[in-house]
Each structure stands twice: as structure tokens, then as C-alpha cells.
Amino acid sequence: MLFVASLLAVSATALAPFTVPIHKSAPFHLSNVPKQERHAASARSAIHRFSTSPGSAPLENVYNFLYRANATVGKGQILTVDLDTGSSDVWVRGAKCTSSDGSCDGPKVNTADSTLKSTGKTYSITYGSGSCSGDIYTGPVAVGNAVASNLPFGVSTSEKGLAGVADGLLGLGYNGISTISQQTGTSANWFDALGFSGANNKFAFYLSDASNGDSGEVTFGGVDTSKYTGAVNYVSVNSQTYWQFDISQVSYSAGSSSGALGGFFANNAISDTGTSLIILGTSQADAINQGIGAQPYNSTLGAYYIDCGIAKTGPSLDFKFPSFTLSVPSKYYVLDNGDGTCISGVTQGAGFLTPSIFGDVLSRAYYTVYDKANNKVGFAKAVHPQ
Ligand SMILES: *[C@@H]1O[C@H](CO)[C@@H](O)[C@H](O)[C@H]1NC(C)=O
Ligand SMILES: *[C@@H]1O[C@H](CO)[C@@H](O)[C@H](O)[C@H]1NC(C)=O
């Protein structure tokens, strides 16, 4: 599936997310991914604990389309959450959850837990690929050894379009786009609640590649220098909503195609771990896909089919920022549906008020640092196992 966890809608004044077109799912089914690959993708390692407060937790790589971690809610209730830098609320599936499409299937949080308290308030959030609503509780929510002890978070009573994704979502964007903060009148920002300050006020993602069979990793309170090489190149956040930055001076090149990434009224991009692909304006996505040898846009699919062999032979996809270039090798932008077909890692969907999205396709190639002390996003060449 092409998952878009970000709210995918931007407005300086509108705090409440508004509905946007839902991206259609690619013909991607967990059941038709080869067993061997399934095994490799589910390889996991133990939680690393650091002697000081920064720490890392493993991320399960779901076939390069989704990365999720275990969260501990209340008294030791373990649920999987999609760690999403493209939204800012935390919620988990509740026992009363109902859905018409299987979104509520799977583990649910038990709210008869003495550490969880109802606030009597409700929430409703629409994402790029689904929606969720429910009741707001407060209580402890942890990932690895990072614990927010009294966080307002959602317990779903209704979900749509989220089947097979995770048991919940843990938003790592800014508070400005948090529905639960708005509803409760207090900060519901999980990362802020951890209380990191100064140079530790950051977190970072290493996204594994399914072909390598290793786990991804998220680090809170610092970076894991073993996961990248060379310099971390930063862009400044230009609106504390998403991890959003200006792309008016950024150009792309892919094979014989090149051009400006931004455009009139469309000069923002976000870095988003909750979105599978790179989502750009129509003309940029068309040109890049032509440049890498993908087929024309398929609107049923919401993506571009591409020959799987291009993973080995395609040109790099380069994004030229004023002082550095991010270069994505073909193996990271060809996504295997597991049924003999592949889709391109770049699709269309950005435009006026909807920023371009650098999703997992970019973050597999580049270790990504979310620096809240300095409000900037950093990219460094990821080190994958050989
Ligand atoms: C999540 O926890 C289960 C046990 O509850 C464990 O088997 C699994 O490896 C963990 N996954 C990750 C990504 O930490
Ligand atoms: C577009 O994708 C759908 C769904 O995979 C497929 O059935 C259809 O044949 C595709 N259309 C073209 C023109 O390739």
C-alpha cells in the first residue's frame, strides 16, 4: 500500500486538518510477498539502551512501504505504532473501535488500566490515506526507553483506510497541527513531553532497505553516528507545523530530465516518515518518471508503474539544494509490490497548499535528523549493511 500518514494539507491558520484526496492503494498485499522476503523484512533486534537518557528503538520495516515501532501504553500494553513525522497526534486502537474496512482488526488498548484516565474529550483526524476518531485519555506512552508519562492521546472508536497499517500512530510533527492539543488545550506533543533540551533536543531515523533484512532505527535525544557517513546537511524549518522547508531554490535531475522542484505557490516540502513515497507536483513527477523510465501516471493506482529491473540499472534521482545534493540511487526508488510488478518511488499529489513530501524513499537513502533545538531537518548518507 502507499501509505500517507501526513495530514497532507497546510494552512498557517487552520489548525483542524481538512479532507484531502485519498491516495489509492497500490496492488500491494502482504500475502503475496515471497515468504523469504517476509522473513527478512521482519528481522528485528533488541532495544538498545544508552547509559544517558538518549536511546534508540528498532523499527519494523513492512516491505519498504511502512516502518513501525512498538509503543508501550499504560501498564505494559504493547501496540505497534507508525512513527509519523508528518502529523502530531498520538493515538492507538481502542476496544470500542468499529470500521467498515478492517481498520479496527488487531490488538486494542484496554482502557481499564489504572494509569489511563479519560479526559471526556474526543478527537477526529483525517490523514492522506485514512481517518480516525475517538476518545482522549491521558497516561504513559513509551517507545523504547523514551517515556512520556502523562500524555494526552487518542483511543480510537472509529477508523477508516488504516487496515494493516499499525495499531496506532505516533506523530512527531510540531504542536501547531495537533488536533488533540487543540481539543485539550494542553500540549499533546509526545516528543516535547520527553523533556530533551539543548543539543539533545532532536531525534533521527535510519530506514532500512527490505533487501538487506535489517531493522530500521529511531533515536530520541541524539543521533546514531553508526547509521550515517559524512556531513549532515541541514535545511531550516519555515513553518512549525510539519517539518517543512523551502524548495524554491531546489532543482531535480533524473536521467535526461531536469528542472525546478518548486513552483509558483508550491515552494514548500516536508520530510515525512509516515509517507511511503516522494510526492511532488504533477509536472515534476511526470518529468522525473520519464527520466527514470517509468510508465505514465496511473490514476487508478495513484502511482507510476516501473520495470522492476530498473532497480539495478536506473539513473540516480538527484535533488540539488543550494549547498548540497541529495542523490537517491535506483534501488531505493523502485518499490517491489511482491507480485512481479514495481512502482516508482516518486508520484504526483503536491500543489497549491499541499507541500511536496519527501517520504521513506528519500529517508532510506539519507539518515534524517529532526532537530527541534534549531528547527532544522538534516540529511546524511545512510549506512546500510553490505
Ligand atoms: C515488538 O514486540 C514484540 C513482542 O511483544 C517483539 O516480538 C517484536 O520484535 C517487537 N518489534 C519491534 C520492532 O521492536
Ligand atoms: C492502472 O492500474 C490498475 C490497477 O493496478 C490496472 O488495473 C490498470 O490496468 C492500469 N492502467 C494502465 C493504463 O496501465
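What's counted below: heavy atoms across the whole structure, side chains too, no hydrogens, waters or symmetry copies. Both counts, for ligands and for their atoms, begin at 1 and track the order of listing.
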* Would you call T111 and S118 a side-chain contact if the rule is heavy atoms closer than 4.5 Å? -> no
For C132, the disulfide (SG to SG under 2.5 Å) test, sequence neighbours excluded, returns none
Counting from 1 in the order shown, the ligand 1 atoms closer than 4.0 Å to a non-hydrogen atom of P58 are 13 (C), 14 (O)
Point to revise | salt_bridge(D192, K372) N-O dist < 4.0 Å | key: yes
Residue pairs meeting salt bridge (Lys or Arg N to Asp or Glu O under 4.0 Å), one or both in residues 345-369, sequence neighbours left out, come to D209-R364
Quiz item: Do N70 and ligand 1 have an N or O pair less than 3.5 Å apart?
Solution: yes
Among T300, N298, T341, I343, closest by heavy atom to atom 8 (C) of ligand 2 is N298
